Q: 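Structure below; questions to follow.
Labels below follow one simple rule: chain letters A, B, ... track the order of the sequence lines, proteins then strands, and each chain is numbered from 1. Bear in mind the structure is a predicted one, so any value in this text is a computation, not a measurement. Worth knowing before you read on, the calculation uses all heavy atoms, side chains too, and leaves out hydrogens, waters and symmetry mates.
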Amino acid sequence: MILFATSDKGGTGRSVTSCNVALRCALQHKDVCYLDFDFGSPTAGAIFHVDSVARGIAGGCGLHSYLEGSVAAPAELDLWRHIERAELQPRPAGAGRLVLLPGEEGGGEFPIDDEMIDRCQRLLRRLAEEFELVIVDLSAGRSYALQLALEVTARPALRAVTTRWLVFHRWTRQHIIAAAGLAYGEHGIVATAAAKGHNHDRLDDSVRFVRTAVPAPESPQFASLLPTQAAWLQETDAELQKLAARRGVGRSVLLGSVPLDPVLQWREQLILDSDVWTLRIANKETSAALDALADDVLNDDAWEGL
Amino acid sequence: MGAEGGGCAEAGDATSAGGRSDVLVGEVRTGLLANSRALTEPEATAVVALRPGSQVRVSVRPVPHAVSPGLTLGVHCPVPSASGTRCDGLGTVLSRASLTSGRLVQASTHARIVLGGRGPAVEGHRPWAHHLVHPGAIEVVGRLPADDLADGFLLTATGDGPGAVLDLGAVCGRLLDQVQESPILDQKPPFRARRTRFRFVLLPCRHTAAGESFRDSGSEDSGTTFGPSPAPGHVCRVDFVVADETLRTLRIHGSGLGLVSVVGLCEDLALHDWLLTTVQHVVAGSRVRAGGGGRLSSQLKPVIDHLLHVWMPAARVGEELLPVWAGLEQRAGFSRQWESLVGWIRDQLALSLLAGLGDGAR
Ligand SMILES: Nc1ncnc2c1ncn2[C@@H]1O[C@H](COP(=O)(O)OP(=O)(O)O)[C@@H](O)[C@H]1O
Ligand SMILES: [Mg+2]
């Protein structure tokens with residue numbers, strides 16, 4: 001299965017959430033690979049705690065160089081050998097493969113051409129052959145990366161592969177409207193896909209939303225709020241729920257919701273059990289939400305047609 | 001670039017005479033076919049019919065096997081070298097794809113590299129027509145020792161890195177992709193499996209070393225030396241190394257061997273090495289996860305259904321090369337490892353049946 005991670009805006013939590021989902025799926029025995037297609041700002045290396053590729057890989061052997069045609073295959077990093085977190089070493093027993101195809105240092109967005117589409121399609125098909133889950137982290141908005149993804153998935157060789165689309169957004173008015181626009185608006189994912197030859201209904205069924213950094217009014221984080229503040233928070237939340245439903249991004253297309261987490265607020269990183277239970281810096285609700293998301297990403301029931 | 005004729009390099013000789021030596025280099029990549037069920041013979045034939053008008057070779061026993069026609073690709077680039085010596089090569093490489101049991105897919109690419117030749121090849125380039133009537137040969141300009149070439153080829157960290165050096169792995173990987181993209185395939189394999197890379201070289205016998213050095217370096221590395229006197233169709237020495245999780249290297253010293261059969265041997269070895277690697281991976285996972293209660297892990301079922309019956313070592317290996325299989329069996333213990341894996345899987349199956357009976361009685 002190929003999972004494209006998108007968002008209308010930058011800074012939504014798309015990369016951090018996707019990296020954590022990748023890790024959790026691998027811990028659940030799945031073979032997972034992660035492609036950093038956010039060509040302008042490749043951050044996956046940093047989130048996965050791999051210093052050497054924190055801002056993308058150097059030396060012209062990353063995804064950008066491959067798509068351009070200057071190397072025969074992009075670099076693949078076995079993350080179990082590279083993640084600098086003691087808790088994940090040695091590779092946890094029973095864990096599946098976890099591989100990163102890093103973006104490139106100093107890269108940027110670039111226009112796509114036919115050969116690039118061929119190479120991209122060949123790479124994604126090969127990875128889908130070897131991995132149960134292939135996560136592609138795309139640049140924000142209606143980017144070249146998104147165009148490329150919609151183009152290759154319309155090709156015959158990839159049409160047979162299950163592909164799914166996640167739209168990440170924060171839990172605010174602006175973000176809800178923007179996410180709905182990216183999915184269903186003009187030049188949005190569904191419209192562009194149809195223009196490129198995708199089956200409309202099938203693609204429509206394969207889009208789900210993930211809400212990130214969602215404040216949970218009932219959580220202990222907000223226990224010290226004044227009653228007026230608490231009431232306002234409840235009210236706003238209810239309004240946002242209504243707005244989301246009106247815009248077609250309500251509960252029926254919601255795959256998961258990750259609460260606002262103190263650790264993630266301060267740092268882009270993996271949330272491990274030790275962060276929750278030993279160091280006690282991350283919330284257990286965050287960890288549970290990421291686990292649920294990791295389950296649902298691969299659970300066909302969560303993606304059943306509506 | 002499609003030269004007629006196809007098939008493998010003409011039966012030739014890896015010899016060392018008069019300062020000239022030929023080194024056969026090649027790579028085989030093996031993977032699980034991207035289809036939910038095993039292909040029938042006509043389907044398999046269609047998938048590897050990669051050149052219009054050329055025949056696919058099909059055999060039914062001992063396991064169904066379909067081989068594409070040979071594909072020729074022209075190359076003009078430096079050849080690998082461990083010491084970093086830059087020597088240009090000009091000629092063609094030969095590739096073919098094959099399906100085994102309608103389940104496993106392989107691509108293999110090889111070339112006979114002609115070193116130290118004098119005459120037209122060195123002084124100036126021969127016309128392309130020359131290279132096309134000798135498909136699968138690359139002539140090298142300049143002095144390059146055979147071992148330097150062989151080490152460079154086998155030990156390059158990855159065949160997919162940047163640089164303009166001859167990259168058989170890239171050609172081979174590309175061909176495997178091409179087969180896997182066939183519209184006949186439904187892209188729904190019963191499980192996911194890694195591809196493996198099997199690199200090989202065939203070098204002339206080292207007369208002095210033959211019969212002596214018996215390299216013995218741990219379980220993952222097996223060197224086997226054969227009798228001292230090189231005779232026609234003779235294998236002097238074989239070194240098989242499991243270099244990393246997916247890369248294996250095989251170095252054969254021999255004389256008078258048919259290149260076609262050496263390539264065939266390597267494809268057969270690569271196939272069985274892939275089976276072993278893949279089943280080992282699944283079994284290792286199931287061992288960790290063994291939930292108890294005798295339930296058969298869901299990962300084991302596809303392996304039982306699709307892979308166990310494919311093991312048929314040396315089925316297509318010629319007489320003269322059987323010693324290579326025998327040597328590897330002795331040192332690397334391919335079949336021993338396989339038997340032990342199959343035994344473990346059978347035990348799990350038996351336990352799950354018993355558990356099922358127990359549930360039924362309750
Ligand atoms: N659940 C969360 N709670 C708090 N902060 C978060 C959460 N998820 C992500 N963040 C933070 O939001 C910022 C943007 O996240 P990032 O994944 O880089 O966004 P994107 O990839 O969408 O640009 C980062 O600082 C990240 O740590
Ligand atoms: Mg990002």
Q: Between A:Arg159 and chain B, with a heavy-atom cut-off of 4.5 Å, which part of the residue counts as in contact: side chain, backbone, both or neither?
A: neither
Q: For a 4.5 angstrom cut-off between non-hydrogen side-chain atoms, does A:Asp31 reach B:His281?
A: yes
Q: Roughly how far, to the nearest 0.5 Å, is CD of B:Gln187 from CZ of A:Arg125?
A: 5.0 Å
Q: Within the side chain of B:Glu181, is there an N or O that forms a donor-acceptor pair under 3.5 Å with the backbone of A:Arg122?
A: no
Q: Would you mind checking if A:Arg81 and B:Glu245 are paired as a salt bridge, meaning a charged N to carboxylate O distance below 4.0 Å?
A: yes
Q: Does a sphere of radius 6.0 Å around CZ in B:Phe191 hold more than 12 heavy atoms from other residues, nucleotides or ligands, not counting ones at 6.0 Å or beyond?
A: yes
Q: Would you find more than 12 non-hydrogen atoms of other residues, nucleotides or ligands less than 6.0 Å from B:Arg174 atom CZ?
A: no
Q: Surrounding CZ of A:Arg55 (heavy atoms of other residues, nucleotides or ligands, distance under 6.0 Å), is the total greater than 12?
A: no
Q: Need one label for B:Leu32: side chain, backbone, both or neither, based on atoms under 4.5 Å from any heavy atom in chain A.
A: backbone
Q: Could you give the distance from CG (A:Asp118) to CG (B:Asp177), rounded to the nearest 0.5 Å?
A: 11.5 Å
Q: Should the heavy atoms of other residues, nucleotides or ligands under 6.0 Å from CD of B:Gln337 be counted, would the total exceed 12?
A: yes
Q: Could you tell me whether the side chain of B:Lys188 and the main chain of A:Thr162 form a donor-acceptor pair under 3.5 Å?
A: no
Q: Output yes when a side-chain donor or acceptor of B:Arg192 lies under 3.5 Å from a complementary backbone atom of A:Ala128, and no otherwise.
A: yes
Q: Is chain A contacted by the side chain of B:Ala193, its backbone, both, or neither, given a heavy-atom distance below 4.5 Å?
A: backbone
